[in-house]
2 protein chains.
Amino acid sequence: MILDPVHVAGAGMIRFGKHPAETTLETMGAQAATAAMRDAGVRAADVEALYVGHVFGGPVAGQRIGARIGLAGKPVSNHENYCSSGATALREAWIAVGAGLYDLVLVVGVEKMTDRVKGGVQPDPNDLDASIGFLFAAGHALSARRYMADYGATREQIAAVAVKNHAHSVANPYAQYQKPVSLGEVLGARPIAEPLGLLDCSPISDGAAAVVVASRAGLRRLGIRSAPRVAACALVSGTVQAGLGDVNEEDISRRAGAEAYRIAGVAADEIDVVEMHDCFTIAEIVRLEGLGVLPRGEGARLTEAGYTSLGGALPVNPSGGLLSRGHPVGATGAAQVCELFWQLTGRAGGRQVEGATTGLAYCKGGSVSGTDGASVTTVILTT
Amino acid sequence: MILDPVHVAGAGMIRFGKHPAETTLETMGAQAATAAMRDAGVRAADVEALYVGHVFGGPVAGQRIGARIGLAGKPVSNHENYCSSGATALREAWIAVGAGLYDLVLVVGVEKMTDRVKGGVQPDPNDLDASIGFLFAAGHALSARRYMADYGATREQIAAVAVKNHAHSVANPYAQYQKPVSLGEVLGARPIAEPLGLLDCSPISDGAAAVVVASRAGLRRLGIRSAPRVAACALVSGTVQAGLGDVNEEDISRRAGAEAYRIAGVAADEIDVVEMHDCFTIAEIVRLEGLGVLPRGEGARLTEAGYTSLGGALPVNPSGGLLSRGHPVGATGAAQVCELFWQLTGRAGGRQVEGATTGLAYCKGGSVSGTDGASVTTVILTT
């Protein structure tokens, strides 16, 4: 690896959910940033640069956040890669710190959506998929139908993703939803795009998450002896499938995983915990298979069997994931990394994955098929 | 300097101006990118990553551009720092290439504004300056009034910036305006915010500009023996003035310059040519003084005397600048670097600054006072 070692020195979040209109994006971003700085024990004066990920915050939103937390004057940049915006901000920070340009920087992912978005997120007017009615829910419904037909998976097995993730976030104080949902509730929820119902879909949320990223010298400056290392922060783009293949053979997930494993020098079977972009229940299954951490066609059955639950062989979304922690798009990538940080430092409380030393966070942004713009970031953290 | 040497291997632009509605942002970005790749002699297959700067292009616009030019699959990221978005994209590319992560990457700045913006650019609803009516034109009018009062500068001297920049871009085939304007035309133009009239203000424009950024290994791969080096790409944020001082004592410009000179190891008096963010005539003067390339209070007089004209001691905006090349906000920072590249490689035709070996490009984004978010990038290119 060409970059110097880069670590996460601290993490902070605010609870995801519906925040009042008077709680601005700037306020939320500043609150998460302050929590992360406090967690790392770093003063604003010692933070050298600010990397902000958001989609809908408007021009120079990051500079407005920086001004509120004592970073006025410092280099501030705003990064957008749709739902992977927060992870893209982390990636640029990882490169800058790994290049030796900075020792201590702050990464913030933030989004205020509930007072802006009615129903689902509207696609970009230039999105080719959307122009033919192929919206997110429709695309994932198609994926679910095909998955069930190809592998004999049941609707109940797919719904088990929602049951699991809601169960996990009962123990996550930052989650939008903190109570269990039953299989019957998932199956009986209002249909959105059959077979998917409301509880198969991630909600519209407000929220912010932040991490302090540090070089070894930065850690020393904070008196931190050891901290999880950002072993990889891969970024790929392009179409979801290769050619005209199976909609559930996610080439983009395969490439995103392969690139991250290569950079980190880690094999898929060494991952102890996954934070997965479960924007829809079926997406969690298909992407875990794409990453190679579950065998193809087995994901639904394994989910129902508890393989990906807390206490299972490979816990996925101990945080509750997008389905239950919530999905303020620009914040999600940063929140995933907060969760991995807490998991790898043994601070995840009632949702702790025992003995986790290597975690992976997968975040996807862009159009359904990716023919007109998709972006996947894959972050690997190791102790 | 911690980063490995980073070079500009090629540049490409489309003409700035009003493009038809059917010429999309994606098309414009792809055209500029293709021109830059052709100029550098690099094939899409050999471009390792794409960095895109824009403000109004919507989510994953960069990925849509990448898909049109054969970069699907590669890492693509979108960068926003208002009018300095294109320069911020360059900065992230500079860091990644300087870190050894890539040898050949593409940077694109792009904006489609004419079918979206009526009158001036509307400020962000959260912009504190704007909420009290302190819009861009008002802020710069205040600056002009104060400058005239403090230094005995005349309205004609300030107007001379527009006359000069329009004269320069007569020889720039990429400029929105390519005919001279007289002093009388500037003085007689429709008032916008007195003393500033329409020709003191940069126009609303569509456009795209791109550069290929290369490591030394990248240059070798392209068979390029020498190419201008990105000696610095500084980024600062924060308030324009320090404390309650003079509105024309631009602390942010002083800091932006100092940081760039430090990184590049270049002194202000070694700069041969400047591409300056002349969003308004007076802004060119005040910012040149802030950078320390003109003495305080002397800029207006020196402009009238031809000091900053082609053939003068320090040519500023040989391209025509924002006033006459046009100002598609996300594209401007990239266009400035294209111009420096052409100047330093002796390819600027009728607007060539003879013997130029060191050029500086200054780009400012954000609110008027910067109390609520401003961003300045300063790029230094050397042969």
Side-chain angles (χ1 to χ4, degrees), chain A residues 2-3 24-26 49-50 54-67 71-83 85 88 91-92 95-96 98-101 123-128 234-239 251-252 255 259 329 365-367 370-375, chain B residues 2-3 24-26 49-50 54-67 71-83 85 88 91-92 95-96 98-101 123-128 234-239 251-252 255 259 329 365-367 370-375:
Chain A
I2 255 157
L3 301 175
T24 63
L25 176 120
E26 291 79 5
L50 173 62
H54 66 89
V55 182
F56 304 113
V60 287
Q63 280 77 353
R64 291 195 300 275
I65 293 169
L71 299 184
K74 309 284 174 86
V76 183
S77 46
N78 296 276
H79 306 270
E80 189 280 317
N81 265 351
Y82 224 139
C83 302
S85 298
T88 299
R91 183 171 190 268
E92 305 294 348
I95 295 171
L101 213 58
D124 189 86
N126 296 318
D127 186 325
L128 280 183
L235 172 63
V236 300
S237 69
T239 53
D251 189 59
I252 200 168
R255 290 187 286 116
E259 177 75 355
V329 291
S367 62
T371 46
D372 213 42
S375 168
Chain B
I2 254 158
L3 301 176
T24 62
L25 175 120
E26 291 78 6
L50 172 62
H54 65 89
V55 182
F56 304 113
V60 288
Q63 278 79 353
R64 291 195 300 275
I65 294 169
L71 299 184
K74 309 282 174 89
V76 183
S77 47
N78 296 276
H79 305 270
E80 188 281 317
N81 265 350
Y82 224 139
C83 303
S85 298
T88 299
R91 182 171 190 270
E92 305 295 347
I95 295 172
L101 213 58
D124 189 86
N126 295 319
D127 186 324
L128 280 183
L235 172 63
V236 300
S237 69
T239 53
D251 188 59
I252 200 168
R255 289 187 287 117
E259 177 75 355
V329 291
S367 62
T371 46
D372 214 42
S375 168

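So that the names make sense, note that chain A is the first sequence line, chain B the second, and so on, each numbered from 1.
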remark   = So, the part of A/Leu50 with a heavy atom under 4.5 Å from chain B: the answer is neither

query = What part of A/Val55 is in contact with chain B, defined as an atom under 4.5 angstrom from a non-hydrogen atom: side chain, backbone, both or neither?
reply = side chain

query = Between B/Ala99 and A/Ile95, what is the shortest heavy-atom contact and its length?
reply = CB-CG2, 4.3 Å

message = Whether the side chain of A/Glu80 engages the backbone of B/Val60 through a donor-acceptor N/O pair (distance < 3.5 Å, no angle test) should be reported.
response = yes

remark   = Rounded to the nearest 0.5 angstrom, the OG1-NE2 distance for B/Thr88 and A/His79 is 8.0 Å

note = Given A/Ser375, A/Ala96, A/Gly73, A/Pro75, the one with more heavy-atom pairs under 4.5 angstrom with chain B than any other is A/Gly73

inquiry  = Tell me if a side-chain donor or acceptor on B/Ser237 pairs with a main-chain N or O of A/Val76 at a distance below 3.5 Å.
reply    = no

query = Between B/Ile2 and A/Gly100, which heavy-atom pair has the shortest distance, and what is it?
reply = CD1-O, 3.0 Å

query = Tell me, side chain or backbone of A/Ser77 under 4.5 Å from chain B's heavy atoms, or both, or neither?
reply = both

message = Please find the pair of heavy atoms, one from B/Gln63 and one from A/Ala374, that lie closest to each other, and give the distance.
response = CG-O, 3.3 Å

query = Are the side chains of A/Leu235 and B/Lys74 in touch, meaning some heavy atoms are under 4.5 Å apart?
reply = no

